[in-house]
Peer 1: 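First the structure, which I've put down as structure tokens, then a few questions once you've had a look.
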Amino acid sequence: MKRLLSMVCVLVVGLLDACQNPVENVELKFKDPLAVAVQVKYTIPAGLTPDKLTVKIAGPDAEKIVTTLNTKKFKLTSDGKLFLCLSPSTTVSSTAPIRFNIVTLADELVDNIQEIKLENTTPRNLTIPLLSNKNNAEPAHQSFKSSDNGTVQTSATVQTKAEPNVTQATVTVPQGSEVKDVAGQPVGGELTVTADPINNSSTSKAVSELPGNGIINASTPAGGFLGNQQVLSVAGGAHITVYNDDYQLAKTFSKPIRISFALNSQMMNPTLGRNIQPGDVIPLFSFDAISNKWTREESGKVQRAANGSLEYVADISHLSLWVAAFTEEVCADGPTFKFLSSYPDRSPAYRVEAIDQDGNIVVRAGNPLTFATAINNGSSIRLTNLKKGLRIRLRLYDNASKAYVSPEIDACANSEVSFDLKAVPYTPLPPAAPDSRREVTIFFNFKCGPNGVNPDKLPFKVLYAQYRAAGSQDDWQDLPTLAFPSLSAKVMIQLNKAYDLRAGSIPDRLDIEINNYTVTSTNWPINFTTEESKNYCNP
């Protein structure tokens, strides 16, 4: 335990003037960490470790964001997590939100700028995937300048690479435009414009890159809801950003930005039932990641380019994800199919298709509506966002590929229909393997006798902890926080197996380590001797 308590000293290095052996009548005091406002888990490309990443905070309220120890030394933990806090005395509300950008940089990565908007103190948990800049993955970009007051000095044009079956996008920022961020502040200095295109080689590939997977719950710029739309085909799309050397993100422009997408002349106009032609209008949508909302913007048009090919051209006044796509309205409601079967539970998964009146598989946003599902008696499945006017059924195949078809129902019906599958041969799954894990209580055990522990003398009031199999490279599993007075937590693990445990009073500084501990009972005590405990006991 002396080794453990000496590790406790590690936690306070830099926070105390000195740290001695705790059994020598030295009272340890931790610096209380700030409450975590945003926790980020990074997905990092293979071959790159968290210590190679640089994290910066930029944007309108960057000065209000600090680490758990109220510093500006932002860094990731060894397992790729970042903890951000609001500086003391900072208040936040829906009428006075906090806005900032998390900037993550490395030589091997595409620069990542994540916008954040906080409207309350509820902790936010994010997962941010980082992209390697190898294999031509970096978005197209171009540098240009603006004055200190955010006026563009020279126009800039960026064009994505020409790829087979993927629309090439061109973005032009005009000279003289006043550039402002989301808070209305000018974005001045050296600027970079980037365009990251959507892969629209097929509708299914395009919608896989879109929020909502091809279902657009669009509103008008004035806020009027247009109803759910399904994407039929994507003429082009790109995520467009403009930022300066301080990673201040631009949002609005006083002069419109011109965007254009090169078009395949064989692209169908599903509204008119023919190939696209000059003069055709294709709806244009923008997506705001902060509000998680789609907006149907003023549409652009198909025109003849200088080289004779077809292109789609539109003017935009703000930056986000922009998509030009033909859509059709779908029903937000839909029917529920209730299964009647011989399976009380533990049904295997069966292949199911949603079919129309003519027996064709229903296509939703470019993807056939097929899936696998268990058919436990009384269970059900609901289908939504289907085309208006359809009448649909479910078609299920058993293990011998025999088909079973449900009754027909309106695709927009908000009602239930029974699907009798009692004739499906009963082939239950084998019994589940017994769970050999046991509920184990991890706790700190001070030997203070009947007087008990004095919480004011403890070096911590709350401990954050993680565990994993001893010596493994598995992901660390979070424990519930160990809070005084119990200083304990429960976890499901296997007995007679060795584990590593790490803990600390600050979530990104888990420096107390216990390695290769074999758990032999449902208690995992971290014991203090009487001598080690005396400094923390009531008199």
Side-chain angles (χ1 to χ4, degrees), residues 10-17 19 29-44 48-93 96-128 130 148 181-192 241 243-251 290 460 462 464 504-511:
V10 175
L11 289 170
V12 295
V13 170
L15 307 178
L16 301 173
D17 293 331
C19 186
K29 286 295 182 181
F30 278 48
K31 182 174 182 179
D32 292 334
L34 299 175
V36 174
V38 178
Q39 176 179 324
V40 180
K41 171 63 177 174
Y42 285 96
T43 303
I44 302 174
L48 190 62
T49 54
D51 59 299
K52 301 297 183 183
L53 274 58
T54 298
V55 175
K56 300 180 179 181
I57 305 299
D61 297 311
E63 76 283 355
K64 298 177 181 178
I65 305 302
V66 295
T67 69
T68 53
L69 293 178
N70 195 19
T71 75
K72 292 288 187 177
K73 297 179 180 179
F74 303 103
K75 66 177 183 177
L76 275 62
T77 62
S78 61
D79 54 348
K81 291 181 179 178
L82 176 69
F83 296 87
L84 301 176
C85 308
L86 296 175
S87 61
S89 76
T90 297
T91 57
V92 58
S93 68
I98 301 297
R99 298 177 182 269
F100 61 96
N101 307 325
I102 306 173
V103 182
T104 313
L105 309 170
D107 291 341
E108 300 89 342
L109 294 176
V110 175
D111 292 354
N112 185 282
I113 308 175
Q114 176 71 49
E115 288 185 273
I116 300 292
K117 178 184 177 183
L118 300 179
E119 295 184 307
N120 53 53
T121 56
T122 302
R124 289 271 302 276
N125 290 292
L126 302 174
T127 298
I128 298 180
L130 300 176
D148 291 341
D181 66 12
V182 69
Q185 298 301 308
V187 181
E190 296 285 338
L191 302 181
T192 299
T241 61
Y243 57 90
N244 62 15
D245 287 347
D246 294 325
Y247 297 98
Q248 181 186 12
L249 279 170
K251 185 63 178 177
I290 295 296
F460 44 75
V462 172
Y464 301 88
S505 69
I506 300 171
D508 46 355
R509 298 197 178 194
L510 306 182
D511 296 321

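For reference, positions follow the sequence shown, starting with 1.
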Peer 1: Got a donor-acceptor contact below 3.5 angstrom from the Ser93 side chain to the Ala96 backbone?
Peer 2: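 Checking the backbone N and O of Ala96 against the side chain of Ser93, a donor-acceptor pair under 3.5 Å is found.
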Peer 1: For Asp148, is the CG atom crowded, meaning more than 12 foreign heavy atoms sit under 6.0 Å from it?
Peer 2: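 No - once you tally the heavy atoms of other residues, nucleotides and ligands closer than 6.0 Å, there are 12 at most.
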Peer 1: Contact between Tyr243 and Val187 at the side-chain level, heavy atoms closer than 4.5 Å - yes or no?
Peer 2: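 Contact flag for Tyr243/Val187 side chains = no.
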Peer 1: Looking only at heavy atoms, what is the nearest atom pair of Lys75 and Leu82, with distance?
Peer 2: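 Looking at all heavy atoms of both residues, the shortest contact is O-CD1, 3.6 Å.
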Peer 1: Quickly, which of Val40, Ile44, Thr104 forms a side chain to side chain contact (heavy atoms under 4.5 Å, CB included) with Ile128? Name it, please.
Peer 2: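 Filter result, single survivor: Val40.
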Peer 1: I need the minimum non-hydrogen distance between Asn70 and Pro88, along with the two atoms involved.
Peer 2: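 That would be OD1-CD, 3.6 Å.
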Peer 1: Could you give the distance from CG (Leu130) to CD (Glu108), rounded to the nearest 0.5 Å?
Peer 2: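 Between atom CG of Leu130 and atom CD of Glu108 there are 11.5 Å.
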Peer 1: Which distance, rounded to the nearest 0.5 Å, do you find between the CG of Asn120 and the CD1 of Ile98?
Peer 2: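 Asn120 CG to Ile98 CD1: 11.5 Å, rounded to 0.5 Å.
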Peer 1: Please tell me if the side chains of Tyr42 and Leu48 come closer than 4.5 Å, counting only heavy atoms from C-beta onward.
Peer 2: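 Of all side-chain heavy-atom pairs linking Leu48 with Tyr42, none is under 4.5 Å.
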Peer 1: Would you check if the side chain of Asn101 reaches a backbone N or O of Val103 as a donor-acceptor pair within less than 3.5 Å?
Peer 2: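 No; judged by distance alone, with no hydrogens or angles, the pair does not exist.
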Peer 1: Heavy-atom distance under 4.5 Å between the side chains of Lys81 and Gln39, does that happen here?
Peer 2: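 Of all side-chain heavy-atom pairs linking Gln39 with Lys81, at least one is under 4.5 Å.
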Peer 1: Within the structure provided, determine whether Thr127 and Thr43 are in side-chain contact (heavy-atom separation under 4.5 Å).
Peer 2: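 Thr127 vs Thr43: side chains touch.
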Peer 1: Are the side chains of Ile57 and Tyr247 in contact, using a 4.5 Å heavy-atom criterion?
Peer 2: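 Answer no - side chains too far apart.
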Peer 1: Evaluate the side chain to side chain contact (heavy atoms under 4.5 Å, CB included) criterion for residues Asp508 and Tyr464: first the C-alpha distance (whole Å), next the side-chain angles of each, then the deciding distance (0.1 Å), finally the verdict.
Peer 2: CA-CA 9 Å; Asp508 46 355; Tyr464 301 88; over 6 Å; no
Peer 1: Might you work through the side chain to side chain contact (heavy atoms under 4.5 Å, CB included) test for Glu115 and Ile113, ending with a clear yes or no?
Peer 2: CA-CA 7 Å; Glu115 288 185 273; Ile113 308 175; 5.7 Å; no
Peer 1: Minimum heavy-atom separation for Pro33 to Ile506, with atom names?
Peer 2: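 Reported closest heavy-atom pair: CB-CG1, 3.8 Å.
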Peer 1: Write down the atom of Pro50, the atom of Leu76, and the distance for their closest heavy-atom approach.
Peer 2: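 Closest heavy-atom pair between Pro50 and Leu76: CB-CB, 4.0 Å.
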Peer 1: Quick one: does Val36's side chain get under 4.5 Å of Pro507's, heavy atoms only?
Peer 2: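 A side-chain contact under 4.5 Å exists here.
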Peer 1: Would Ile65 and Ile102 count as a side chain to side chain contact (heavy atoms under 4.5 Å, CB included) if you check the C-alpha gap in whole Å, the side-chain angles of each, and the deciding distance to 0.1 Å?
Peer 2: CA-CA 10 Å; Ile65 305 302; Ile102 306 173; over 6 Å; no
Peer 1: Minimum heavy-atom separation for Gly504 to Leu510, with atom names?
Peer 2: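 Looking at all heavy atoms of both residues, the closest pair is N-CD2, 3.6 Å.
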Peer 1: Evaluate the side-chain proximity of Lys56 to Leu105: yes if any heavy-atom separation is below 4.5 Å, no if none is.
Peer 2: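 Contact flag for Leu105/Lys56 side chains = yes.
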Peer 1: If you measure from CG on Leu118 to CD1 on Ile290, what distance do you get to the nearest 0.5 Å?
Peer 2: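 CD1 of Ile290 is found 9.0 Å from CG of Leu118.
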Peer 1: Could you please spell out the steps behind the side chain to side chain contact (heavy atoms under 4.5 Å, CB included) verdict for Phe83 and Thr77?
Peer 2: CA-CA 9 Å; Phe83 296 87; Thr77 62; 4.1 Å; yes
Peer 1: Between the side chain of Lys72 and the main-chain N/O of Glu63, is any donor-acceptor distance below 3.5 Å?
Peer 2: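 Yes.
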Peer 1: Other residues, nucleotides and ligands only: do more than 12 of their heavy atoms fall within 6.0 Å of CG on Asp51?
Peer 2: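 Atom CG in Asp51 is crowded, with more than 12 foreign heavy atoms closer than 6.0 Å.
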Peer 1: Of the non-hydrogen atoms in Thr67 and Leu34, which two are nearest, and what is the gap between them?
Peer 2: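 Looking at all heavy atoms of both residues, the closest pair is O-CD1, 3.8 Å.
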Peer 1: Any side-chain heavy atom of Val182 sitting closer than 4.5 Å to one from Leu249?
Peer 2: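 Contact flag for Val182/Leu249 side chains = no.
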Peer 1: Determine whether a donor-acceptor pair (N or O, by modelled atom type, separation under 3.5 Å) exists between the side chain of Asp61 and the backbone of Arg99.
Peer 2: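 Present.
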Peer 1: Atom OG1 of Thr68 and atom CZ of Phe74: how far apart are they, to the nearest 0.5 Å?
Peer 2: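 Thr68 OG1 to Phe74 CZ: 10.0 Å, rounded to 0.5 Å.
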Peer 1: For a quick check under 3.5 Å, do Gln248 and Asn244 share a side-chain donor-acceptor pair by atom type?
Peer 2: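 There is such a pair (donor and acceptor under 3.5 Å, judged by atom type) between the side chains of Gln248 and Asn244.
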